[in-house]
Amino acid sequence: MSVSSCTSSALRPDVAVLGGGLAGRLLAWQLIRAGARVALYERGDADGSAAAGWVAAAMLAPLAEAVVAEPSIVEMGAVGLERWPALIDGLPEPVFFQRNGTLVVWHQPDRAEAVMFDRRMRANAPPALLRDGVRHVSGAQLADVEPALAGRFQEGWWLPNEGQLDNRQLLRALAAGLAKAGAALHWHTEIAEGAYPDAGLVIDCRGLGARAALTQLRGVRGEVVRIHAPGIGLRRPVRLLHPRYPIYIAPKENDLYVIGATELESEDMSPMTVRSALELLSAAHSLNPAFGEARIVELNVNCRPALPDHLPRVQWDGARVLRVNGLYRHGYLLAPAVTGEACALAQALMQTTGAPMGIGQAFDWETWRAGRPWPDLFRQA
């Protein structure tokens with residue numbers, strides 16, 4: 001089934017975007033705002049419920065992620081955090097965006113995890129991001145920063161410049177924005193490898209759906225619990241350090257909370273195990289016992305697309321196909337920078353010549369790539 005919102009569907013689009021998850025929608029939104037005619041093809045629905053980005057906490061935390069991420073991820077994440085408000089601006093539906101920081105806490109038996117967290121964060125984060133971006137808080141200060149945790153912990157780290165957004169609101173708002181802007185939207189439409197739509201450029205943002213073209217892709221399982229917990233009132237995302245993995249609790253609007261852990265090296269898409277659910281919910285209970293009265297809304301599982309180096313990639317085939325993939329567990333953090341760079345490449349290719357068959361001869365790939373802020377993001381097939 002195909003649904004199109006474009007009244008001028010007879011016009012050949014400048015760009016066909018394959019995959020309407022987070023990366024595909026955000027890239028299409030930037031391209032159409034830049035004046036391109038865009039068609040979007042997505043195997044799922046307009047809500048985005050089939051996308052990996054549907055199962056996420058959408059935390060925008062470059063410093064917290066520096067503990068486990070490459071410096072380039074931290075740099076792109078810091079840029080993404082700054083770009084989100086402008087990207088959201090102009091969407092026809094509201095998107096919850098908050099910049100109250102991230103709070104990192106631990107139980108005293110796990111204090112060694114806090115020492116390691118601080119050491120790794122400072123090793124991987126640029127000095128400019130660390131400056132005024134990390135504050136050690138005592139137990140008494142914690143009560144002021146996060147009253148819901150008063151008396152619960154002896155100390156913590158407050159990263160005041162970090163943020164979060166509502167992933168599901170964003171996916172819906174992007175769909176609505178694209179429809180309003182005149183994009184040709186084809187929901188419930190799966191594009192087979194090689195059977196691409198007719199367009200000036202094709203940009204493949206299919207995630208794991210692009211495996212036939214990017215054979216090194218693998219899925220990394222993510223699990224989250226969504227709960228409704230009135231009366232607790234967390235003001236910002238909280239990360240609870242744990243010997244096995246850090247657990248996060250992200251408060252959304254209307255007393256909803258998203259609880260998750262980092263990752264599982266598995267492509268299993270079966271429902272969440274009892275063990276995982278118990279660990280996540282027990283962590284929330286240990287953060288504040290009032291979570292014991294919360295109502296479980298959803299138990300969610302999905303797999304995030306990752307490349308062997310755990311770094312994102314924008315790949316060009318030398319003709320008319322770009323591939324944007326490998327955002328791994330950093331989707332919402334990296335999406336503004338990665339899709340922004342993909343948009344810049346697409347615009348450069350379209351400006352070089354209006355004839356796609358001539359792009360390879362007319363476009364100076366190496367010079368263009370060398371002038372970008374993250375040259376290693378780009379590959380040529």
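Heavy-atom basis, side chains included; hydrogens, waters and symmetry copies ignored.
A salt bridge links D268 with R221: at least one charged nitrogen is closer than 4.0 Å to a carboxylate oxygen. Using a cut-off of 4.0 Å between Lys/Arg side-chain N and Asp/Glu carboxylate O, R236 and E162 are scored as not salt-bridged. Under a 4.0 Å N-O distance rule, the pair R172/E93 does not qualify as a salt bridge. Salt-bridge annotation for R239 and E113: absent, with no side-chain N of the basic residue lying under 4.0 Å from a carboxylate O of the acidic one.
Between L214 and R211 there is no side-chain heavy-atom pair separated by less than 4.5 Å. Using a 4.5 Å heavy-atom threshold, the side chains of P373 and E341 count as touching. Between Y332 and L165 there is a side-chain heavy-atom pair separated by less than 4.5 Å. Counting heavy atoms from C-beta on, the side chains of Q169 and P94 never come closer than 4.5 Å. Looking at E366 and R369, their side chains come closer than 4.5 Å, going by heavy atoms from C-beta outward. The side-chain heavy atoms of I191 and H186, taken from C-beta on, include no pair separated by under 4.5 Å. Contact annotation: the side chain of D47 never approaches that of R168 to less than 4.5 Å [non-hydrogen atoms, C-beta and beyond]. Inter-residue side-chain proximity for D166 and L256 is flagged as unmet; no heavy-atom pair is nearer than 4.5 Å.
Between W365 and W368, the ring-plane angle classifies as parallel under the 30° and 60° cut-offs.
When all heavy atoms of V220 and A306 are compared, the pair lying nearest together is CG2-CB, 3.9 Å. Of all non-hydrogen atoms in W158 and T102, the two that sit nearest each other are CD1-O, 3.4 Å. Contact record, G53 with N167: O-ND2, 2.9 Å, taken as the closest heavy-atom pair. A pairwise comparison of heavy atoms in A51 and N302 identifies O-ND2, 3.4 Å as the closest pair. Residues L234 and E146 come closest through the heavy atom pair CA-OE2, 3.4 Å. Of all non-hydrogen atoms in L201 and A346, the two that sit nearest each other are CD1-O, 3.6 Å.
Clustering ILVMFWY residues whenever any of their side-chain heavy atoms sit less than 4.5 angstrom apart, transitively, puts L171 in a cluster other than the one holding Y41. No single ILVMFWY cluster, assembled from side-chain heavy atoms under 4.5 Å apart, contains both V321 and L345. Residues L18 and V338 do not share a hydrophobic cluster, clusters being chains of Ile/Leu/Val/Met/Phe/Trp/Tyr side chains in contact below 4.5 Å. Under the 4.5 Å side-chain heavy-atom criterion for Ile, Leu, Val, Met, Phe, Trp and Tyr, I296 and Y257 are members of the same hydrophobic cluster. Linking Ile, Leu, Val, Met, Phe, Trp and Tyr residues whenever their side-chain heavy atoms come within less than 4.5 Å leaves V202 and M350 in two separate clusters.
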Practice item. Check step by step if side chain to side chain contact (heavy atoms under 4.5 Å, CB included) holds for F96 and I88. Key: CA-CA 10 Å; F96 168 71; I88 292 170; over 6 Å; no

Practice item. Would you sort out whether W29 and T339 count as a side chain to side chain contact (heavy atoms under 4.5 Å, CB included), showing the intermediate values? Key: CA-CA 10 Å; W29 177 238; T339 61; over 6 Å; no

Exercise for review: I would like to know whether L217 and L307 meet side chain to side chain contact (heavy atoms under 4.5 Å, CB included); could you show each step before the answer?
Suggested key: CA-CA 5 Å; L217 272 176; L307 291 161; 3.9 Å; yes

Practice item. Just do the side chain to side chain contact (heavy atoms under 4.5 Å, CB included) check on V105 and R152 with the steps written out, would you? Key: CA-CA 10 Å; V105 296; R152 301 294 307 165; over 6 Å; no

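Two rings, from W106 and F117, have their centers 6.0 Å or more apart.
Crowding of R83 atom CZ: a count of heavy atoms from other residues, nucleotides or ligands under 6.0 Å exceeding 12.
A side-chain donor-acceptor contact under 3.5 Å links N124 to the backbone of A69.
Taking CD1 from I32 and SG from C343, the interatomic distance works out to 11.5 Å, rounded to the nearest 0.5 Å.
In summary, the side chains of Q164 and K252 do present a donor paired with an acceptor at a separation below 3.5 Å, with no hydrogens or angles considered.
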Please list every donor-acceptor pair under 3.5 Å in which a side-chain atom of residues 130-140 meets a protein atom from a residue at least two apart or in another chain.
unit_1	atom_1	unit_2	atom_2	d
H136	NE2	E155	OE1	2.8
S138	OG	Q141	N	3.2
S138	OG	Q141	OE1	3.3

